[in-house]
Amino acid sequence: MTGRTRVGIVGAGPAGMLVAVLLQRAGIDCVVVERRDRAYVEQRARGATVEHRVVELLRRHDLAAGLLATGAVEDRIEFRMGGRRYPLAYDPVAGGRTHYIYPQQFLVRDLIDAFLAAGGDLRFETSAVAITDLGGDRPRILLEPATGAGPTELRCEVVVGSDGEYGVARRAIPRAALAIHEYQYDYAWLAVLAEAAPSSDCVINAIHESGSCVHVRRTPTVSRFYLQCPREDSRADWPDERIWKEVRIRLTLDAPWTLNEGPILSTSSVRMRSLVCAPLRYGPLFLAGDAAHIVPPVGGKGFNIALADAEELALALVERFSGASAARLDAYSDTRLARIWRAQEFVGWMMDLVNTPGLGSREAPFLHRVQRARLERIFASPAYAAAFLQDYIGWE
Ligand SMILES: Cc1cc2nc3c(=O)[nH]c(=O)nc-3n(C[C@H](O)[C@H](O)[C@H](O)COP(=O)(O)OP(=O)(O)OC[C@H]3O[C@@H](n4cnc5c(N)ncnc54)[C@H](O)[C@@H]3O)c2cc1C
């Protein structure tokens with residue numbers, strides 16, 4: 001069975017759903033296919049830190065109601081090292097700009113609600129198994145619905161590959177036509193979600209000789225912790241008591257403070273790698289979000305860059321389909337790659353600030369001292385702090 005649409009969108013994550021909503025509002029026919037069911041997508045806990053420029057993006061498109069109503073505002077960041085706090089307020093440098101904490105799955109839910117309420121075609125439990133005919137102007141997405149209805153296909157004019165790190169879109173591009181730039185860190189992060197009230201109302205990045213510990217609030221009753229650990233560690237290496245013991249050690253302060261602990265809801269090992277594909281276009285296929293680039297979670301940039309890709313791609317498609325011009329669409333890859341590489345540079349810098357590479361090696365104590373020097377420089381030099389805050393909070 002063959003379906004037809006102008007824009008076929010693979011993946012109902014933040015990138016795919018923002019493209020879908022913006023196209024729908026411009027009256028451009030599109031279909032979203034998503035391999036998971038709705039409940040899964042709306043409950044998948046990942047990022048939560050929303051940059052200032054993404055808050056503005058959502059406001060511009062009248063999509064910020066949920067975030068503004070229930071998101072928490074962050075106006076400072078805290079580092080910890082050697083038992084000391086290093087708090088850094090965003091103002092006056094940031095001129096009132098702040099972060100929001102709004103779990104990514106809530107935003108995805110808001111976008112899905114908006115798309116479906118306006119009559120959008122979103123097919124859950126439908127996997128794209130291949131994207132073909134990319135040499136012409138009628139690409140096809142081959143589909144496999146989980147209901148067992150059998151393979152079917154969607155014929156499009158344009159395909160948006162927003163199917164995340166392990167999707168099919170990137171693989172549909174011939175290897176010779178795509179450069180993949182990748183960097184693998186020699187450690188991982190254990191991502192822990194705990195039913196525990198946040199112990200701080202701002203992100204804490206603890207730099208410790210045993211490895212980093214990052215604490216981010218999620219909701220009034222749920223907290224996220226990330227612990228730097230060896231890449232080969234599994235969950236069995238991290239029983240709950242060990243997780244809390246390490247959190248306590250790495251967040252330790254000489255002054256009294258309270259760590260709220262509670263049942264661990266989930267853990268996962270996050271591969272710490274950076275990846276950029278180029279170009280972000282192959283004929284009528286455009287990549288957006290994690291399908292095109294990955295950053296490690298430090299600094300909370302992944303889902304912000306995905307949303308910025310999505311806005312640029314959607315607006316470029318609107319210009320092209322309204323007959324105005326294809327220039328913006330033709331420039332999409334270059335426009336976004338410049339921003340993506342800047343984010344990669346920042347995240348790489350912050351990775352080396354927060355995590356000690358080669359833990360246990362001869363070099364580790366030296367690198368740990370370099371971390372201290374970098375941290376102290378943020379607090380010694382207003383110009384250095386301002387440059388950090390601009391990238392971290394996210395404004396032009
Ligand atoms: C543990 C963790 C913590 C993170 N923390 C942060 C953070 O604090 N801040 C931040 O900004 N970022 C964070 N990130 C990164 C962020 O979650 C991603 O960058 C973001 O989800 C990218 O959005 P996306 O829409 O590109 O891809 P995704 O969110 O991965 O969405 C892709 C969608 O495509 C679907 N799909 C995949 N294959 C197919 C197929 N073949 N057919 C149909 N559908 C398919 C998937 O089911 C998924 O719904 C974190 C990531 C992880 C794993």
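This one's a predicted model, so the numbers in the text were calculated from it and none came from an experiment. Atoms within a ligand are numbered from 1 in the order they appear, just like the ligands themselves.
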Next item on the list: Any pair with a residue in residues 4-40 that passes ring pair (Phe, Tyr, Trp, His ring centres under 6.0 Å), sequence neighbours left out, goes on the list, sorted by first then second residue, please.
Entry: none
Item checked: Ion pair R36/E34, N-O distance below 4.0 Å -> no
Next item on the list: Write down, by chain and number, every protein residue that brings a non-hydrogen atom to less than 4.0 Å from an atom of ligand 1.
Entry: V10, G11, A12, G13, P14, A15, V33, E34, R35, R36, R44, R46, G47, A48, Q104, T126, S127, A128, S162, D163, G164, G167, V168, R224, Y226, V270, G289, D290, P297, G300, K301, G302, F303, N304, A306
Next item on the list: Inspect the contact between D391 and R342 and indicate whether a charged nitrogen and a carboxylate oxygen are less than 4.0 angstrom apart.
Entry: yes
Notebook entry, point to check: Considering residues at least two apart in sequence or located in another chain, which fulfil the side chain to side chain contact (heavy atoms under 4.5 Å, CB included) criterion with E363?
Noted result: S361, L367
Next item on the list: Using the side-chain hydrogen bond (donor to acceptor under 3.5 Å, both in side chains) rule, collect all pairs that involve residues 313-328, keeping only residues at least two apart or in two chains.
Entry: E312-R328, E319-R328
Checklist line | Sole candidate of D137, D29, D133 that passes salt bridge (Lys or Arg N to Asp or Glu O under 4.0 Å) when paired with R155 | finding: D133
